[in-house]
Amino acid sequence: MEDVVVTNASQDCRAGFVSLGCHKPVNDQGQQCPRPIRRATMVSKLVKLGFFSGAGLLLTLSGATQGSDLPIKAPRKAADAVYDWTGFYAGLQFGFAAGSSQWSATPLAAGSPDFAGSFGLPATLNFMAGTGSYFAGLQAGYNYVVPSSHLLLGAEVEASAPNSDVLRPYSIQGRQTVVDPVAGFLTFGEQVIEFGTARARLGYADNHWLIYATGGLAWTYGRRTRTMTAFDGTISGPDNELFWRLGWVAGAGIEVPLSPRWSAKLEYRYAGFGDRAVTFPGGQQFRSNLALQSALIGVNYHIGNDAASVSDVFVNGPRALETDNFAFHAQATYTNQYNPPFRSPYLGTNSLIPNIGRKTFDLTLFSGLRLWQGAELWFNPEIDQGFGLSGSVGAAGFPSGEAYKVGSSYPYTRIQRLFLRQTINLGGDEQTLDAGINQFSAKQTSDRLVLTVGKFGVVDVFDINKYAHDPRGDFFNWTLADTGTFDYAADAWAYTLGAAAEWYTGPWTVRAGLFDLSIAPNTTALDPRVSQYQLVGEIERRYSLFDQPGKIAVTGFLTRGRMGSFADAIALAAITGNPADITQVRRYNSRPGVGLNLEQQIVDNVGLFVRAGVANGQREPYEFTDVDRTVAAGLSISGKLWGRDGDTFGIAGVINSISSIHQAFLNAGGLGILVGDGMLPNPGTERILETYYSLPVLWTKLTLDYQLITNPAYNKDRGPVSVFGVRAHWQY
């Protein structure tokens, strides 16, 4: 997941991105926003308290995201007049859903009985796996306050994407198994993949709050499944049937203004859907109804009721919400990549496939609450959709840091970050830290201690480089956004639970962290026992060379977990005659690594970065990618040099390599995290060249990107591969 990194500013990260000091450089143009209009009434204060604490601090942005290239704009000054609820608005929401479904099924075969039962759709949360029956979505509407009256009439539409399990599609779902005396065991399931409403609103509007009732039409898009397990253990299915549902919805809520443009709401809804039938293969008819309840929290940006206001938002984008004690930002990124045909004499499980295109989209909500002096709580739910090229495999330096191996055709929601950051000033020169994504404006001293604990990305704090660290703003490639050998602890989305400490003293910074690994290498759930972990340390030195600022950092890690030895996997394959399988030889062991990270401004508007790293090549990488040695270098050049202040041109190259035993493992048919062509008779170093040009278009950033990958997955028999990409990024 842009500009210059502000020290200790968080950033938005993904497998290969940023967070607390992370891939995306934090925008240093943010401004502190004025306080919300007038003094809040007791009702307003209570609603705001419920908004930020009672809802579980739903809007706490993930780690200090590196701000985007776009400036963060402060809300307009509040007027002394009555708050104007009339006009168009749009916003985002986050909530939990629960419900139930009564079902029945006709006999499967002669002699089979009728079946009936119920699905429970409980409100659940598994923090280690990142799953639960929560959802996030978008809403838009129009309000009209009757003149000389407090009566508000309005209309609103919304659509939401849920997540309850690490299955595709992500959904709110239930399952039940019954016994058929003829066919065996039948497992029926029902999933709500997407849902939304179109509603009227009727309310009472005051200066400091709005209370309303709402009701109208509701819809869901879902899937019904049937899996049959015969008494002899033979499994058939699952049979899938996708379908739409229409129903009704009613609810109530309260909304309060937070600033002249922003308001926050708490809302409850109940939706009911009548019986809907589908027919599975073999003619079995399955019928069910659905009742769905949801409690949500949301924010709305009020566009206004005149053409000038609408035009202003269209041209300049919305203003960020920044007050003394809470903040809200958002970002959206779309990418599309295509690799034309290339030489490919054979294919394996993890091979890059010729002549394909893939796209991704993500929308992240960043919400923060200032708890006490120096303490900030941030929360980042995110909606993701799409796939990387070839399912995000085929090159150790994968060409898109915006793509995950857990891609999905349907949008789904994940809680990517939820962390607390405490800054303790220790003295020295005082400096002002501007507000931005995952960062409140603050006064801090040059000597300070920064503590971060919760769920965030390791690369939110470590291995930060302002010229190459954010696939949403600069280089796309995984091994340019981060050091390729930095096998940092993470789930499949690049986030983990842990704690980090940073000590700033003069030109030096010392960082240390302890983080949880996933249950098994490169999987979706973190280890709940925390018996597998990673230690990370970093020493950074800032300096000036010929009056140009720069810094150099050395980062080391030690991973302790169940991982396989390449030699053991090869030996087992020789005995069994099967392809080498690293999963069969995993045992508790260690894997260390170290990396060097340099950033240097050469002249104004021209920056250089260099990275290099080495890791233990005898054991499998655990989380990031298949690299044992790496060196990368590149330039970032501002368009100010040619009169285009908002443009950026970047060019960089990276060379990745693996140990000889790692090569032998791949040649024996072994599979890595991202590589594995089934054989590797002619190994070589993987060499990647990437160049991009980024420019502002209205209030978005448009980027054109090209990558040339020679010897993808270390295979001289394949490629070279050209990858063409385009990216649109929006952030406020």
Side-chain angles (χ1 to χ4, degrees), residues 1-6 11 16-18 21-28 66-69 397-401 459 463-484 486 540-553 595-613 630-656 685-696 701-710 722-727 729:
M1 307 127 160
E2 306 193 280
D3 260 302
V4 176
V5 174
V6 176
Q11 304 154 7
F17 314 4
V18 197
C22 167
H23 303 176
K24 302 178 177 186
V26 175
N27 192 316
D28 60 357
Q66 312 175 131
S68 99
D69 295 295
F398 190 73
S400 176
V459 288
D463 196 35
I464 297 167
N465 192 297
K466 69 181 180 181
Y467 301 120
H469 197 49
D470 179 15
R472 293 175 180 165
D474 46 64
F475 294 97
F476 282 47
N477 195 276
W478 280 27
T479 51
L480 289 174
D482 297 294
T483 303
F486 187 17
E540 176 187 298
R541 176 65 160 86
R542 295 171 294 279
Y543 60 86
S544 179
L545 181 64
F546 302 114
D547 296 324
Q548 301 296 328
K551 77 170 187 181
I552 188 169
L596 177 72
N597 184 348
L598 169 73
E599 65 179 52
Q600 176 66 58
Q601 182 171 295
I602 300 175
V603 296
D604 289 348
N605 304 311
V606 179
L608 166 73
F609 78 90
V610 176
R611 280 194 176 101
T630 188
V631 60
L635 294 171
S636 178
I637 305 172
S638 170
K640 291 180 180 179
L641 293 178
W642 52 90
R644 295 276 304 178
D645 289 4
D647 295 8
T648 304
F649 169 73
I651 186 168
V654 59
I655 300 175
N656 300 318
T685 58
E686 182 181 80
R687 300 190 294 273
I688 302 168
L689 172 70
E690 179 177 0
T691 183
Y692 74 88
Y693 192 92
S694 178
L695 70 159
K701 273 283 193 170
L702 179 66
T703 302
L704 301 178
D705 184 87
Y706 172 75
Q707 297 177 58
L708 178 64
I709 306 175
T710 303
S722 289
V723 180
F724 299 90
V726 62
R727 174 180 62 205
H729 174 71

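Just so we're clear, the structure is a prediction, and the values are computed from it rather than from any experiment. Keep in mind that the numbers below use all heavy atoms, side chains included, and drop hydrogens, waters and symmetry copies.
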Please name the pair of heavy atoms, one in P696 and one in G646, separated by the smallest distance, quoted to 0.1 Å.
CD-O, 3.5 Å
R611 side chain reached by V654 side chain, heavy atoms, under 4.5 Å:
no
Return yes if some donor-acceptor pair links the side-chain N/O of D463 with the main-chain N/O of T483 below 3.5 Å, else return no.
yes
Run the side-chain contact (heavy atoms from CB on, under 4.5 Å) check on D474 and T648 step by step: do they pass?
CA-CA 8 Å; D474 46 64; T648 304; over 6 Å; no
Between N477 and P399, what is the shortest heavy-atom contact and its length?
ND2-CA, 3.7 Å
Using every non-hydrogen atom in the two residues, find where G397 and I688 come nearest and quote the distance to one decimal.
O-CD1, 3.5 Å
Close side-chain approach of L545 and Q601, heavy atoms under 4.5 Å:
no
Mind checking the OG-CD spacing from S544 to Q600? Nearest 0.5 Å is all I need.
8.0 Å
State, without any angle test, whether Y693 and D647 hold a side-chain donor-acceptor pair at a distance under 3.5 Å.
yes
Does any pair with a residue in residues 634-643 pass salt bridge (charged side-chain N to carboxylate O under 4.0 Å, His left out), and if so which ones, sequence neighbours excluded?
none
Residues I602, L635; criterion side-chain contact (heavy atoms from CB on, under 4.5 Å); working and verdict
CA-CA 10 Å; I602 300 175; L635 294 171; 3.9 Å; yes
Roughly how far, to the nearest 0.5 Å, is the CZ atom of R541 from the CG atom of L598?
13.5 Å
From CD1 (I651) to CG (L689), nearest 0.5 Å
5.5 Å
Separation between CG of L708 and CZ of R687, rounded to the nearest 0.5 Å
9.5 Å
Quick check for you: to the nearest 0.5 Å, what is the distance between K551 atom NZ and E599 atom CD?
4.5 Å
Shortest non-hydrogen contact between T479 and G484, atoms and distance:
CG2-CA, 3.7 Å
Here the pair of heavy atoms bringing S722 nearest to Y706 is OG-OH, 2.8 Å
Please report the shortest heavy-atom distance between S636 and Y467, naming the atom on each side.
CB-CD2, 3.7 Å
Heavy-atom distance under 4.5 Å between the side chains of T703 and F476, does that happen here?
yes
First locate atom CZ of F475, then atom CZ of F609, and finally report the distance between them rounded to the nearest 0.5 Å.
4.5 Å
Is L596 close to I552 at the side-chain level, that is, under 4.5 Å between some pair of heavy atoms?
yes
